[in-house]
Amino acid sequence: QAQLVESGGGLVQPGGSLRLSCVVSGFTLANYPIGWFRQAPGKEREGVACTSSTDGSTWYTDSVKGRFTISRDNGQNTVYLEMTSLKPEDTAVYYCALQGPPIRIGACPQSAYAYAYWGQGTQVTVSS
């Protein structure tokens, strides 16, 4: 059974930066796609970014392209989300999610329904 633990959230002013981390245990991160999702109050959970396990490809939702960067350190079983030029509309609880077995090849899935294992979330608040 996988466990995912996020950290790095907090309060930041508009234009600021944060780096979220997600440590995975129970599975070898190198074998599976992993993604970041977020949910703002009163809104549905949305995909932010994901990274494939096999071809190194990544995906970003349009609203964060050029500002956010997803990366993985397979040796540390950790995935990161580097967030820059933060905006108030980025305020949300951010979750990391692991697709899990079986091992798949190709691009990472963008839909939350494809991910079986989730962290507890970390709050990101962008406000002056």
Are I105 and D55 close enough, and set up right, to give a side-chain contact (heavy atoms from CB on, under 4.5 Å), and what steps lead you there? CA-CA 8 Å; I105 61 173; D55 62 8; over 6 Å; no
Rounded to the nearest 0.5 angstrom, the CD-OG distance for Q3 and S25 is 4.5 Å
I need the minimum non-hydrogen distance between L4 and A2, along with the two atoms involved. CD1-CB, 4.1 Å
Tell me, do V124 and L20 make a side-chain contact under 4.5 Å, heavy atoms counted? yes
Can you give me the closest heavy-atom contact between I70 and T58, atom names plus distance? CG2-CG2, 3.8 Å
Taking every heavy atom of V48 against every heavy atom of F68, the minimum-distance pair comes out as CG1-CD2, 3.7 Å
Which pair of non-hydrogen atoms, one from P14 and one from S127, has the smallest distance, and what is that distance? CD-C, 3.6 Å
Please give me the minimum heavy-atom distance between Y60 and A49, naming the atom from each residue. CD2-CB, 3.6 Å
So CD of E46 and CH2 of W36: to nearest 0.5 Å the spacing works out to 14.5 Å
Using modelled atom types only, decide if a donor and an acceptor are shared between the side chain of T91 and the backbone of V126 within a distance under 3.5 Å. yes
When you measure from the side chain of T28 to the backbone of A30, do you find a donor-acceptor pair of N or O atoms at a distance under 3.5 Å? no
Between L29 and V5, is there a shared hydrophobic cluster once you connect ILVMFWY residues whose side-chain heavy atoms come closer than 4.5 Å? no
I'd like a table of donor-acceptor pairs (distance under 3.5 Å, sequence neighbours excluded) in which one partner is a side-chain atom from residues 78-88, with atom names and distances.
unit_1 : atom_1 : unit_2 : atom_2 : d
T78    : OG1    : Q76    : O      : 2.8
T84    : OG1    : R67    : O      : 2.7

Cluster partners of V93, using ILVMFWY side-chain heavy atoms under 4.5 angstrom, listed by chain and number? F37, Y95, Y115, W118
Donor-acceptor pair, side chain of N77 and main chain of F27, under 3.5 angstrom: yes
Are Y117 and Y94 connected into the same hydrophobic cluster when the rule is that any two of I, L, V, M, F, W, Y join if their side-chain heavy atoms are below 4.5 Å apart? yes
Any donor-acceptor pair under 3.5 Å from Q99 side chain to C108 backbone: no
So, taking the atom named CD in E89 and the one named CZ in R38, what distance separates them when rounded to the nearest 0.5 Å? 8.5 Å
Please check if any side-chain donor atom of T125 sits under 3.5 Å from a side-chain acceptor atom of Q123, or the reverse. yes
Closest approach of P109 and P33, non-hydrogen atoms and distance? CD-CB, 4.0 Å
Just verifying a value: how many Å separate S53 OG and R72 CZ, rounded to the nearest 0.5 Å? 6.0 Å
